[in-house]
Amino acid sequence: MTDLELVKKAFDMHRFSYVPYSHFPVGAALLCEDGRVFTGCNVENAAYGSTICAERTALLKAVSEGCREGWTAIAIAGTGEDYCWPCGACRQMLYEFAPHLRVLAARGDGQFQQVELSQLLPMGFGPKSLEK
Ligand code: THU
């Protein structure tokens with residue numbers, strides 16, 4: 001799967017976003033080394049803080065279906081003028097399973113940029129941090 005194909009899968013998820021409050025749909029697509037792709041969208045809530053981002057939806061789908069390792073890239077697609085970089089909570093959740101994950105952040109016009117997750121969360125706290 002090419003990066004462009006993964007980004008397209010993320011954009012495709014906008015149709016499932018539940019965004020009555022922000023009107024800002026976000027889609028995500030998480031690629032694993034075995035070729036599986038776990039997709040997600042943002043799901044908002046009247047209690048705003050209970051909202052879940054697209055990236056964490058995709059992550060939870062992967063983990064809850066037994067896929068915890070071998071994650072190679074995640075594409076995140078927003079509709080804004082700026083690239084849709086993951087929020088702090090999503091960076092932390094992704095870091096737990098794949099600190100070196102490639103992150104592809106797309107903006108509304110379809111352009112995207114790539115960085116490694118460890119650049120987005122330098123000196124992150126992960127499973128190794130709990131070792132004594
Ligand atoms: N959102 C995501 O789904 N992922 C991001 O990376 C940034 C923000 C969602 C949360 C909320 O539904 C809407 O975008 C506005 O913050």
Side-chain angles (χ1 to χ4, degrees):
M1 158 130 348
T2 66
D3 286 352
L4 186 57
E5 285 169 337
L6 195 64
V7 168
K8 282 194 176 134
K9 281 192 182 292
F11 273 111
D12 280 348
M13 291 304 289
H14 284 183
R15 61 200 164 116
F16 297 127
S17 286
Y18 176 71
V19 288
Y21 308 108
S22 74
H23 306 288
F24 188 81
V26 180
L30 175 64
L31 177 64
C32 304
E33 62 191 4
D34 64 6
R36 278 187 291 174
V37 176
F38 295 90
T39 54
C41 63
N42 50 343
V43 181
E44 298 185 344
N45 191 273
Y48 300 158
S50 299
T51 290
I52 186 160
C53 293
E55 302 91 305
R56 270 176 291 155
T57 304
L59 177 152
L60 292 172
K61 283 168 73 176
V63 174
S64 63
E65 291 181 26
C67 182
R68 294 182 186 166
E69 47 192 31
W71 299 1
T72 55
I74 188 167
I76 307 153
T79 54
E81 286 183 11
D82 289 333
Y83 296 102
C84 194
W85 299 109
C87 78
C90 290
R91 292 177 196 203
Q92 181 66 37
M93 287 285 284
L94 291 165
Y95 191 86
E96 177 80 13
F97 299 97
H100 301 293
L101 188 65
R102 281 193 315 121
V103 176
L104 311 173
R107 61 188 191 191
D109 67 1
Q111 295 285 107
F112 64 93
Q113 287 189 344
Q114 169 192 315
V115 294
E116 188 179 299
L117 179 60
S118 59
Q119 288 178 263
L120 297 176
L121 193 64
M123 292 175 273
F125 190 91
K128 284 200 173 113
S129 310
L130 289 171
E131 286 172 12
K132 292 177 187 153

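Order of appearance sets the numbers: ligands from 1, and atoms from 1 within every ligand.
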### Check: S22 side chain, F24 main-chain N or O, donor-acceptor pair, under 3.5 Å
yes
### Task
Please confirm whether A54 comes within less than 3.5 Å of ligand 1 when only nitrogen or oxygen atoms on both sides are compared.
yes
### Message
Tell me whether K8 at atom NZ has more than 12 heavy atoms from other residues, nucleotides or ligands lying less than 6.0 Å away.
### Response
no
### Message
Contact between ligand 1 and P86 is defined here as a heavy atom of the residue under 4.0 Å from a ligand atom; is it met?
### Response
yes
### Query
Relative to the ring of Y83, is the ring of W85 parallel (under 30°), tilted (30 to 60°) or perpendicular (over 60°)?
tilted
#### Entry: Backbone N/O of C90 and side chain of E55: donor-acceptor pair under 3.5 Å
no
### Task
May I ask you to check if ligand 1 and E55 share an N or O to N or O distance below 3.5 Å?
yes
### Task
For S17 and C41, indicate whether the former's side chain and the latter's backbone hold a donor-acceptor pair under 3.5 Å.
no
### Task
Can you establish whether the number of heavy atoms outside R68 located under 6.0 Å from its atom CZ is more than 12?
no
### Query
Hey, is W85 one of the residues with a heavy atom under 4.0 angstrom from ligand 1?
yes
### Summary
The protein heavy atom nearest to atom 9 (C) of ligand 1 is N42 ND2, 3.4 Å
### Task
Under 4.0 Å, heavy atoms only, figure out whether ligand 1 is touched by the backbone of S22, its side chain, both or neither.
side chain
### Task
Return the residue, atom name and 0.1 Å-rounded distance of the protein heavy atom closest to atom 8 (C) of ligand 1.
C53 SG, 4.1 Å
### Query
Sub-3.5 Å donor-acceptor pair from the side chain of R56 to the main-chain atoms of M93, do we have one?
no
### Task
Return the option from M13, H23, E44 holding the heavy atom at the smallest distance from atom 11 (C) of ligand 1.
E44
### Message
Does the protein come close to atom 4 (N) of ligand 1 - that is, does one of its heavy atoms sit below 4.0 Å from that atom?
### Response
yes
### Summary
For C87, the ligand 1 atoms with a heavy-atom partner under 4.0 Å come out as 6 (O)
